[in-house]
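Take a look at the structure set out below.
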Amino acid sequence: MSTANRGVVYKGPGQVAVESIPYPELALGNRKCQHGVILKVVTTNICGSDQHMVRGRTTAPEGLVLGHEITGIVIEAGRDVEFIKPGDLVSVPFNIACGRCRNCKEGQTGICLNVNPARPGAAYGYVDMGGWSGGQTDYVMVPYADFNLLKFPDADQAMEKIRDLTLLSDIFPTGFHGCVTAGVGPGSTVYIAGAGPVGLAAAVSAQLLGAACVIVGDMIEERLAQARSFGCETIDLTQDGDMADKIEVILGEREVDAFVDCVGFEAHACGCNHGKEAPATVLNSAMSLTRAGGQIGIPGLYVTEDPGAADEAAKQGALSMRFGQGWAKSHSFHTGQCPVMKYHRPLMQAILFDKVKIADAVNVQMITLDEAPKGYADFDGGAAKKFVLDPHGSVAA
């Protein structure tokens with residue numbers, strides 16, 4: 001077995017590089033991790049939230065090995081792993097969860113209490129999320145394997161659908177979670193803010209949940225065209241005009257039943273000011289455009305520290321929201337990271353039984369690990385693609 005390993009490493013604002021890194025060990029600091037496994041990574045994805053770090057908009061340290069969207073083959077298992085075996089092909093939730101704490105037992109695996117000494121919740125290769133090494137690598141260690149891993153029932157069938165199944169580690173459940181927490185159901189009208197990969201995944205999820213009309217807003221025409229390719233209505237946010245007027249043209253009504261924020265804290269103003277950052281603009285639009293009694297799902301990332309923010313308040317995560325409007329309309333808001341395990345098994349079934357074509361919807365582009373720096377640059381340029389890395393060159397594009 002090879003002990004060579006490579007990974008995508010954050011080198012500073014705007015820079016990533018593929019470098020040799022240590023081969024993973026079944027260890028947590030100085031003690032053995034007998035509940036963990038080592039995976040040979042089959043696919044690992046570039047996430048929009050990775051881009052926040054690479055742009056220098058977080059406190060991520062240089063040298064961080066990136067990557068929290070992982071699918072792989074088990075090649076070594078600790079003594080205490082009972083139900084996952086070497087040779088199993090598995091999806092890794094980006095949330096690292098112990099399965100033992102109060103929150104994990106309640107299904108809130110995104111805020112596990114035992115895997116991050118700084119605050120609840122942990123993830124692979126992400127700033128302030130426990131210091132765990134990322135998975136944009138050849139090999140990676142995954143703790144609490146029996147609890148965390150989703151084993152695909154048939155490895156050969158899974159490899160045939162790997163472009164879709166690789167999205168179960170984060171993006172598909174995250175988009176679905178945004179819609180569930182926004183109350184999307186049969187007959188709903190839905191506005192999705194942002195047509196990046198998570199926004200497109202949310203749009204597909206809204207359709208899967210039975211929405212009558214899904215409207216997607218973005219500032220990049222290529223992304224809007226991608227949303228239209230699977231039946232969404234779209235709004236070009238670079239154009240001037242009142243958003244309620246634009247929604248009324250589509251729906252005959254000025255508000256939607258459900259709103260999903262897939263943009264987060266790097267949001268920009270609309271219309272003639274679309275080049276100017278306005279981090280609260282999506283949240284304020286959500287309150288304006290969602291009907292009284294409606295729900296707002298917020299899978300878009302908001303941070304406690306943004307060193308690149310335009311003003312001092314935003315640098316501390318303090319945004320100028322018209323919260324009174326949301327209160328007056330009895331809105332409910334749902335924030336935080338998606339608890340992937342709540343959704344990944346049923347979404348796997350939807351993929352395996354051909355009920356959803358998530359890879360087509362988000363326009364998956366397979367690249368090699370060595371092409372990761374270009375993938376990051378293209379993603380940051382607004383490409384209407386979800387970049388999936390194939391470290392070992394074994395998956396057909």
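In what follows, residues are counted from 1 in the order of the sequence shown. Just so you know, these numbers come straight off a predicted model, no measurement behind them.
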Notebook entry, point to check: Does Leu224 sit in a hydrophobic cluster with other residues, and if so which ones, taking ILVMFWY side chains as linked at heavy-atom separations under 4.5 Å, directly or through other members?
Noted result: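 Besides Leu224, the hydrophobic cluster comprises nothing; the residue is isolated.
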For [X], what residues pass the side chain to side chain contact (heavy atoms under 4.5 Å, CB included) criterion, not counting sequence neighbours?
X	result
Lys315	Ala309, Glu312
Gln226	Leu200, Ser229, Asn363, Ala384
Ala122	Ile96, Val115, Asn116, Trp132
Glu25	Ala27

Residues passing the salt bridge (charged side-chain N to carboxylate O under 4.0 Å, His left out) test with Lys105, sequence neighbours excluded, are none
With sequence neighbours left out, the residues meeting salt bridge (charged side-chain N to carboxylate O under 4.0 Å, His left out) with Glu248 are Arg254
Show me the pairs that pass ring-ring contact (aromatic ring centres under 6.0 Å, His included) and involve residues 203-230, at least two apart or across chains.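 Qualifying pairs, neighbours excluded: none.
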For this session: Quick one: which residue pairs count as a ring-ring contact (aromatic ring centres under 6.0 Å, His included) with a foot in residues 193-220, not counting sequence neighbours?
Result: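 Residue pairs passing ring-ring contact (aromatic ring centres under 6.0 Å, His included), neighbours aside: none found.
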**Q.** Transitive ILVMFWY side-chain link Val184 to Ile171, under 4.5 Å
**A.**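 Per the 4.5 Å side-chain linkage, Val184 and Ile171 are co-clustered.
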Q. Among the clusters formed by ILVMFWY side chains lying less than 4.5 Å apart, do Phe379 and Val127 turn up in the same one?
A.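 Yes; Val127 is reachable from Phe379 via cluster members.
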Residues 325-340 side chain polar contacts: donor-acceptor under 3.5 Å, at least two apart:
from: Gln325; atom 1: OE1; to: Ser288; atom 2: OG; distance (Å): 3.3
from: Lys329; atom 1: NZ; to: Glu255; atom 2: OE2; distance (Å): 2.9
from: Lys329; atom 1: NZ; to: Met287; atom 2: O; distance (Å): 2.9
from: Lys329; atom 1: NZ; to: Ser288; atom 2: O; distance (Å): 3.2
from: Lys329; atom 1: NZ; to: Thr290; atom 2: O; distance (Å): 2.7
from: His331; atom 1: NE2; to: Thr290; atom 2: O; distance (Å): 3.0
from: His331; atom 1: NE2; to: Arg291; atom 2: O; distance (Å): 3.2

Those residues at least two apart in sequence (or on a different chain) that pass ring pair (Phe, Tyr, Trp, His ring centres under 6.0 Å) with Tyr126 are His68
request  = Could you list all the side-chain hydrogen bond (donor to acceptor under 3.5 Å, both in side chains) pairs where at least one residue sits in residues 206-222, not counting sequence neighbours?
outcome  =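 Sorted result for residues 206-222: Glu221-Arg228.
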